[in-house]
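To start, the structure under review is shown below, and the notes come after it.
Just so you know, residue 1 is the first one in the sequence shown, and it goes up from there. Read the numbers this way: they start at 1 and go in the same order the structure lists the ligands and their atoms.
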Amino acid sequence: MPFSLHGIGVSRGYAIGRTYLLERNQPEITEYTIPDAIVEDEVQRFLNSLAVARQQLQDIRLRIPATAPGDVTAFIDAHLLMLEDVTFTEAPVRLIRAHRCNAEWALKIQRDSLVQVFDDMDDPYLRTRKEDVDHVVRRIWRILLAEDPAYLSDPAYAELMATRLEGRIVVADDLTPADTILIQHQGVLAFVTEYGGPLSHTAILARSLGIPAVVGARNARAYLGNDEPVIVDGRQGVILVGLDERILRYYRHKQQEERREQRELNKLKGQPAVTRDEVLIGLHANIELPEDAIAVRDVAADGIGLYRTEFLFMNRSDFPDEEEHLASYLHVIKTLEGKPITIRTSDLGADKQVDGGRGGPVCTNPALGLRAIRMCLKDLAMFRPQLRAILRASAYGPVRMMIPMLCSIHEVFQVLRLVAETKQELCDRGLPFDENLPVGGMIEIPAAAVCADQFARYLDFLSIGTNDLIQYTLAIDRVDDEVNYLFDPLNPAVLTLIRHTIRAGRRAGIPVSLCGEMAGDPRYTRLLLGLGLTEFSMHPNNLLEVKRAIQDSDVGVLNGIIQRLLRTTDANQYAEILKGIAQN
Ligand code: PEP
Ligand code: MG
């Protein structure tokens with residue numbers, strides 16, 4: 001009897017194969033009281049477990065082949081850093097002494113409070129980083145419980161090592177970075193996990209490896225047998241079970257189509273993104289880590305339109321210093337071989353993990369709180385080294401600086417003053433920089449979009465962050481599943497603000513790009529062209545599909561349709577016109 005399971009499709013493609021159920025049970029943690037005389041022994045037992053965990057991770061790190069995606073090493077390094085952090089080295093020790101409890105229980109108390117902090121965060125990426133806490137905690141628990149005295153005797157890893165995963169679809173509750181290192185050499189066809197979102201390790205790794213993946217398929221392991229034939233549709237987020245010949249034929253056909261399509265898309269790499277009526281469109285890429293720049297080069301993007309530098313601040317108790325910032329930027333500049341790079345200053349939220357423990361109390365509504373440029377302007381000790389590094393990097397290649405979450409023009413004035421001061425500082429130190437470094441701003445708060453003319457007068461370029469612009473315009477928390485159905489990029493208010501911003505840029509004679517998820521979704525390409533957009537920035541994997549849509553569009557015709565779209569007050573007509581846009 002065929003049936004389907006549903007999750008979130010995070011890496012597109014179709015896989016047809018047999019499941020491999022990865023069982024990894026959560027250790028049972030109970031509390032017991034430690035007699036006074038041996039409390040210090042318990043502390044030592046905990047500290048020893050940290051040392052073993054560090055050794056295990058260092059061993060795993062050595063096994064990472066040079067060909068592995070940069071993400072993989074970054075995940076292991078992040079876990080190693082966590083093991084050096086006071087949240088793991090000191091807090092549980094204090095708890096053991098204060099409560100006279102066993103090390104496992106102290107770690108559980110600490111884990112629960114850390115997870116609570118992550119749950120309260122508004123940034124979707126940082127929220128998913130609680131997975132890292134769990135992966136590290138589970139590793140220490142297994143060591144404490146003597147379930148994992150040495151890396152190779154870890155049941156999960158041993159099981160993975162012993163099994164040939166080639167041609168299998170791995171189904172797990174969640175995958176740790178260490179799992180993925182072992183898995184990636186086994187020729188896995190697809191991943192299905194019960195937990196995680198589009199920004200989880202599994203999703204990131206699957207996209208780097210280019211294999212289909214579905215995450216958040218709750219209870220998948222309860223419904224799927226081991227070695228069961230299934231189909232994974234990584235685009236729709238569906239797992240099909242109980243396959244008959246008809247379904248198999250259909251999906252084999254889809255697989256062939258997809259391979260053919262990828263071959264066709266690859267042919268577009270050397271071609272310009274020009275519309276049928278000869279409008280040249282700029283296609284840039286978004287990156288998070290310096291290593292991501294390789295994918296940007298591979299897909300022949302025009303440059304980097306959004307480098308999210310906040311990832312440099314993560315999983316550590318101190319801030320990156322000027323030299324560390326500079327080294328990351330220089331790495332990207334070198335990889336891009338002369339193409340422009342837009343470095344966004346840090347877009348951190350009210351988050352203890354990434355601000356070196358100096359943030360204030362967790363606020364009740366972090367999306368409206370101290371984040372991004374607000375936080376930078378408040379904490380100049382954190383902001384200035386980044387400003388210096390961006391300016392210094394500009395001596396080595398075409399760099400632009402971009403400010404996130406601008407809300408008022410006064411923030412722009414403050415930033416420009418700081419940039420001027422930083423230039424003077426560098427002059428005094430005799431360090432070179434681009435005197436004309438372009439400084440641009442993100443338009444992602446409705447107030448900034450409405451007053452885009454003002455911003456355009458003082459800035460060198462604008463970039464529309466639709467992920468946040470939609471959130472704030474429609475009052476929908478972008479990470480809240482309950483209201484996700486209302487997150488609508490096609491809402492007329494959103495489109496009006498996008499068009500208004502593009503026009504403001506045009507009037508001021510400065511470039512306007514769009515770097516939210518909308519830019520990389522080919523369903524919206526024509527709509528954005530019709531709104532007047534001439535620069536897109538997106539995940540490199542989406543770039544060729546968007547280029548194809550551009551080559552297939554006529555901006556002149558689309559402009560006319562958009563005029564009608566934004567004039568109509570009739571909801572049915574609005575939907576009809578939107579449908580028409582897809583065909584032009
Ligand atoms: C956006 O808000 O659209 C954006 C690109 O920034 P981020 O997703 O990093 O908030
Ligand atoms: Mg944003």
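- Between the side chains of N266 and Q262, at least one donor-acceptor pair of N or O atoms lies under 3.5 Å.
- At a cut-off of 3.5 Å, with distance as the only test, a side-chain donor of S463 or S513 sits close to an acceptor on the other residue.
- Protein residues are said to neighbour a ligand when one of their heavy atoms lies under 4.0 Å from it; for ligand 1 these are L306, R308, R344, D347, M442, E444, G465, T466, N467, D468, R478, C515, G516.
- The number of protein N/O/S atoms found under 2.8 Å from the Mg ion (ligand 2) is 2.
- In this structure, E545 places its CD atom where more than 12 heavy-atom neighbours from other residues, nucleotides or ligands lie under 6.0 Å away.
- The side-chain tip of R400 points at the ring of F461 from less than 6.0 angstrom away and within 45° of straight on.
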Inset, instruction - Go through I8 and V214 one step at a time and tell me if the side chain to side chain contact (heavy atoms under 4.5 Å, CB included) criterion holds. - result: CA-CA 5 Å; I8 309 165; V214 176; 5.8 Å; no
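- To the nearest 0.5 angstrom, M402 atom CE is 10.5 Å from L462 atom CG.
- Under the rule for a salt bridge (charged side-chain N to carboxylate O under 4.0 Å, His left out), the partners of D521 that lie at least two apart in sequence or sit in another chain are R523.
- Within a 6.0 Å radius of OH in Y396, other residues, nucleotides and ligands contribute 12 heavy atoms or fewer.
- Every ring-ring contact (aromatic ring centres under 6.0 Å, His included) that H325 has, sequence neighbours left out, goes to F313, Y329.
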